[in-house]
Protein chains: 2
Amino acid sequence: MSDRKRPAAKAKAPRKPLERKPSDHKPAEHKPAERANQRYRTRKDLIAAAEQLMKNGHKPSLEDIAAAARVSRATAYRYFPNVEALLIEAPLDSAAPDIEALFAKDASIDPEARIDKAEAAMHRMAFDNEAGIRLMLAATLTRAAEGRDATVPLRQNRRGPLIDAALAPARARFRKAAYARLRAALALIFGSESMIVFRDVLRLDEKEARQVKSWAVKALVRAALEESRKGEDSRHG
Amino acid sequence: MSDRKRPAAKAKAPRKPLERKPSDHKPAEHKPAERANQRYRTRKDLIAAAEQLMKNGHKPSLEDIAAAARVSRATAYRYFPNVEALLIEAPLDSAAPDIEALFAKDASIDPEARIDKAEAAMHRMAFDNEAGIRLMLAATLTRAAEGRDATVPLRQNRRGPLIDAALAPARARFRKAAYARLRAALALIFGSESMIVFRDVLRLDEKEARQVKSWAVKALVRAALEESRKGEDSRHG
DNA sequence: CTTTTAGTGAGACGATCGTCTCATGTCAAG
DNA sequence: CTTGACATGAGACGATCGTCTCACTAAAAG
């Protein structure tokens, strides 16, 4: 008598009746500019609550986040289509390095030194917030794997402006294409993803990771500078 | 009248009564060497089914995987503590580049050329299996974020041997420390994580990604070679 | 062939997810 | 102050997750 199935499996034929469409989440009846303050505050409270709960590395349930924000579950879903979307925005707003402050009283214009300094800041941020960043990364990965239309910004890019700021004083010394290439390559090394590689794949500790990255970013800057100086963009002929 | 709560929230005081301990999952009554064949086959079937279902980018439910493997849900949980653990093992076994074949009839010993070739192989693998890799990465990230004891190998390292093989003919030209540093830095660029950065952060397409990585790996190899030649390990001295 | 026992199937269970509806509260314009 | 539009709260609902128990099957041992 396999007549009694577990409830999840009933109506097996039309199998996926609800067929999640991840991106057609209507932000309820939120129109652009009505009661903006009220909405700003609940949104801020939700993110703050999520950020708080993420610190211990456990993925908080939306129920917990909503409770911590003194907001109902339904309201939380009116602001974010799912838990992950909340986790994506949460963990970094307080930890992001301040670009102005970083280079404020630093008169050095040596691009290698400045890039290294910028990398050090990102490095600290990533390793100090490892738990939260892991959750955030996981959230963006699965979000992106499913619905791909992505009118929403999947991911905020913090490293780009930081890299630009670090290289700004020397910008004129790079050829255009070389700069674009360097910028992208540095982004590979700067990001929090590199922390994942060091931890999970290479099994190196924070200090070794920092040394490797410090060497790599400087080597790349040097290489790009040299190629630009020689006046050829790609060196394989 | 907040007497009627949603069922999930009842018994609020002891809140987390079950308190997931991710790693004390007992593999049921599976002792090392009894009915090994039977167990090997069900495990293999589960992984194969997961691999199959992952190809479209949707995270398959364990119910679906078990059904595809012609196995009951309970049995699947006897082999893997959760869906993620299955997804981690699934997506890459068939796609990993074969190191021997890659360098078989390639007499070149130029480390830059060989590294570039290896990177190209990893690049293809990563971009061809984007959906599966995203799921796998997300799974390892959250696994690592929670229970951290990790007697299990969180992640298999495919890039390490590949990098070693590519650099093997030129190995003698590197100083030891420089080689270790180069190896780690290349691992940052080789991995599937870099695909994520290109896609989600930099928004570059596959071709541009390949160009950036090709330039970066060659530049790093060159830099490490040069430093080794000059006989100094770190150049900021 | 029988007995033992390890692997399995079926499904109940509580928890969380994301959706939806209805009622209530609250801001802001008249 | 009233009123209408909008934000919120409360909770039902079906789906999936991971755990657990019980019964059944089939491999291995005698």
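A note on names: the letters A, B, ... follow the listed sequences, proteins ahead of strands, and every chain is numbered from 1. Values reported hereafter were calculated over all heavy atoms of this structure, with side chains retained and with hydrogens, waters and symmetry mates removed.
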Cationic N near anionic O, under 4.0 Å, [X] to [Y]:
X	Y	result
Arg199(B)	Glu206(B)	no
Asp205(B)	Arg210(B)	no
Asp200(A)	Arg134(A)	yes

Under 3.5 Å side-chain donor-acceptor pair for Tyr40(B) and Asp45(B): no
Beyond-backbone contact of Lys213(B) with Arg181(A), side-chain heavy atoms, under 4.5 angstrom: no
May I have the distance from [X] (atom [atom1]) to [N] (atom [atom2]), rounded to whole angstrom?
X	N	atom1	atom2	answer
Leu86(A)	dG18(C)	CG	C1'	13 Å
Asp64(B)	dA15(D)	CG	P	13 Å
Asn82(A)	dT16(D)	CG	C1'	15 Å
Phe80(B)	dT19(D)	CZ	P	14 Å
Lys59(A)	dC17(D)	NZ	P	12 Å
Tyr77(B)	dC13(C)	OH	C1'	13 Å
Leu46(B)	dT8(C)	CG	C1'	12 Å
Asp45(B)	dT8(C)	CG	C1'	14 Å

5′-ward residue of the pair Leu62(B)/Arg70(A) relative to DNA chain D: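 The 5'-side residue here is Arg70(A).
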Options dG7(C), dA12(D), dG9(D), nucleotide nearest the side-chain atoms of Tyr79(B): dG7(C)
Proximal nucleotide (of dG9(D), dG7(C), dA7(D)) relative to the Arg39(B) side chain: dG7(C)
N or O in side chain of [X] less than 4.0 angstrom from [N] OP1/OP2:
X	N	value
Thr75(B)	dG7(C)	no
Ser61(A)	dA15(C)	no
Ser72(B)	dG11(C)	no

Presence of donor-acceptor pair under 3.5 Å, side chain of Arg73(B) and base of dG18(D):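 For Arg73(B), whose side chain was compared with the base of dG18(D), there is a donor-acceptor pair (under 3.5 Å).
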Test salt bridge (charged side-chain N to carboxylate O under 4.0 Å, His left out) applied to Arg43(A) - qualifying residues, sequence neighbours left out: Glu89(A)
Six-ring centre of Phe103(A), Arg114(A) cation under 6.0 angstrom, axis tolerance 45°: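 That pair qualifies as a cation-pi contact.
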Touch class at under 4.0 angstrom, heavy-atom based, for Arg41(B) against every strand present: nothing
Footprint string (nucleotides 20-30 of chain C, 5' to 3'): B base within contact, S backbone only, - free, heavy atoms under 4.0 Å: -B---BBB---
